[in-house]
**Student:** 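This is the structure, below, for whatever I ask next.
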Amino acid sequence: NAGVTQTPKFQVLKTGQSMTLQCAQDMNHNSMYWYRQDPGMGLRLIYYSASEGTTDKGEVPNGYNVSRLNKREFSLRLESAAPSQTSVYFCASSDPGRYEQYFGPGTRLTVT
Amino acid sequence: EDKVVQSPLSLVVHEGDTVTLNCSYEVTNFRSLLWYKQEKKAPTFLFMLTSSGIEKKSGRLSSILDKKELFSILNITATQTGDSAIYLCAVDLTGANSKLTFGKGITLSVRP
């Protein structure tokens, strides 16, 4: 069991470039989440997906899009990266029968 | 606006000390409160609390929730250098989707 995996681990983008962060889980969880973590800000929810085929905005969705490709995979896309999107991005998943979320190792993104 | 406030924001102690980490919340539709430990990478789940006054315990860590006063504490006794981490408190508001609102985290440093 790999749990929650994320690719890439690190990425540097120039302002205006686009990229997709990938997330996959092998725990058969229905719900998946994308967070960003900035120094002194804790974790803030960007988007979440309660089940395959559904997505909803979280606290900070502007500048991002998501796709729930299937039950296992949930991707986060930055269409036109901005320096304000420099952050560490975490993907998480959870089972609707249990409250705790399981996190991936994170992607450190720098936008110059 | 839903708020989760953790205090202190950072703490330095010596090995063997006991520490108390605080989390207070002002939210609508509270369902549960969760504590996570974050070392270098992904947050890992510690405790989930739903009922007031019932202590959850795991080794040297324990936590309790007061739903009347809207706070929780996380205690760590006989601290070790391996306890150095960021401790995150989160509140589950919606229930069905386990959508978490996190506090900013408490950085604990345990010195030998």
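Both backbone and side-chain heavy atoms feed into the values below; hydrogens, waters and symmetry mates do not.
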**Student:** Counting only heavy atoms not in A/Arg108, do more than 12 fall under 6.0 Å of its CZ?
**Tutor:** no

**Student:** Does any heavy atom of chain A fall under 4.5 Å from the side chain of B/Thr50, the backbone, both, or neither of them?
**Tutor:**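 It is the side chain, since no backbone atom gets that close.
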
**Student:** Out of curiosity, B/Lys41 NZ to A/Gln6 CD, how far, rounded to the nearest 0.5 Å?
**Tutor:** 10.5 Å

**Student:** If two hydrophobic side chains count as joined below 4.5 Å and joins carry through other members, does B/Phe45 share a cluster with B/Ile86?
**Tutor:**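 Yes, same cluster.
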
**Student:** B/Ala42 and A/Phe90: which non-hydrogen atoms are nearest, and at how many Å?
**Tutor:** CA-CE2, 3.7 Å

**Student:** Where does B/Tyr36 contact chain A at under 4.5 Å (heavy atoms): side chain, backbone, both or neither?
**Tutor:** side chain

**Student:** Distance from B/Leu34 atom CG to A/Glu100 atom CD, nearest 0.5 Å?
**Tutor:** 7.0 Å

**Student:** Need one label for B/Gln38: side chain, backbone, both or neither, based on atoms under 4.5 Å from any heavy atom in chain A.
**Tutor:**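 For B/Gln38, side-chain heavy atoms alone lie under 4.5 Å from chain A.
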
**Student:** Please determine, among B/Ala90, B/Ser32, B/Cys89, the option with the most heavy-atom pairs under 4.5 Å with chain A.
**Tutor:**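 Of the candidates given, the most pairs with chain A belong to B/Ser32.
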
**Student:** Determine whether A/Tyr33 and B/Met48 fall in the same hydrophobic cluster, where Ile, Leu, Val, Met, Phe, Trp and Tyr are linked whenever their side-chain heavy atoms lie under 4.5 Å apart.
**Tutor:** yes

**Student:** Answer with yes or no whether the hydrophobic clustering places A/Tyr64 together with A/Val88; edges join I, L, V, M, F, W, Y residues whose side-chain heavy atoms lie under 4.5 Å apart.
**Tutor:** no

**Student:** Let me confirm one number: the OG-CG distance from A/Ser94 to B/Leu100, rounded to the nearest 0.5 Å.
**Tutor:**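 Between atom OG of A/Ser94 and atom CG of B/Leu100 there are 7.5 Å.
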
**Student:** Hey, do the aromatic rings of B/Phe102 and A/Tyr35 have their centres closer than 6.0 Å?
**Tutor:**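 Between B/Phe102 and A/Tyr35, the centre distance is under 6.0 Å.
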
**Student:** Are A/Trp34 and A/Met19 joined in one hydrophobic group, where the rule is that I, L, V, M, F, W and Y side chains link up if heavy atoms are under 4.5 Å apart?
**Tutor:** yes

**Student:** Mind checking whether B/Tyr25 and B/Trp35 sit in one hydrophobic cluster, side chains of I, L, V, M, F, W, Y counted as touching below 4.5 Å?
**Tutor:** yes

**Student:** Tell me whether the count of non-hydrogen atoms from other residues, nucleotides or ligands lying under 6.0 Å of CZ in B/Arg60 goes above 12.
**Tutor:**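 It does: B/Arg60 CZ has more than 12 such atoms within range.
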
**Student:** For atom CD of B/Glu26, decide whether the heavy atoms of other residues, nucleotides or ligands shown that lie under 6.0 angstrom number more than 12.
**Tutor:**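 It does not: B/Glu26 CD has 12 such atoms or fewer within range.
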
**Student:** Can B/Leu88 and A/Leu43 be said to form a side-chain contact (heavy atoms from CB on, under 4.5 Å), step by step?
**Tutor:** CA-CA 9 Å; B/Leu88 296 162; A/Leu43 286 159; 3.8 Å; yes

**Student:** In residues 70-79 of chain B, which residues are in contact with chain A at a heavy-atom separation under 4.5 Å?
**Tutor:** none

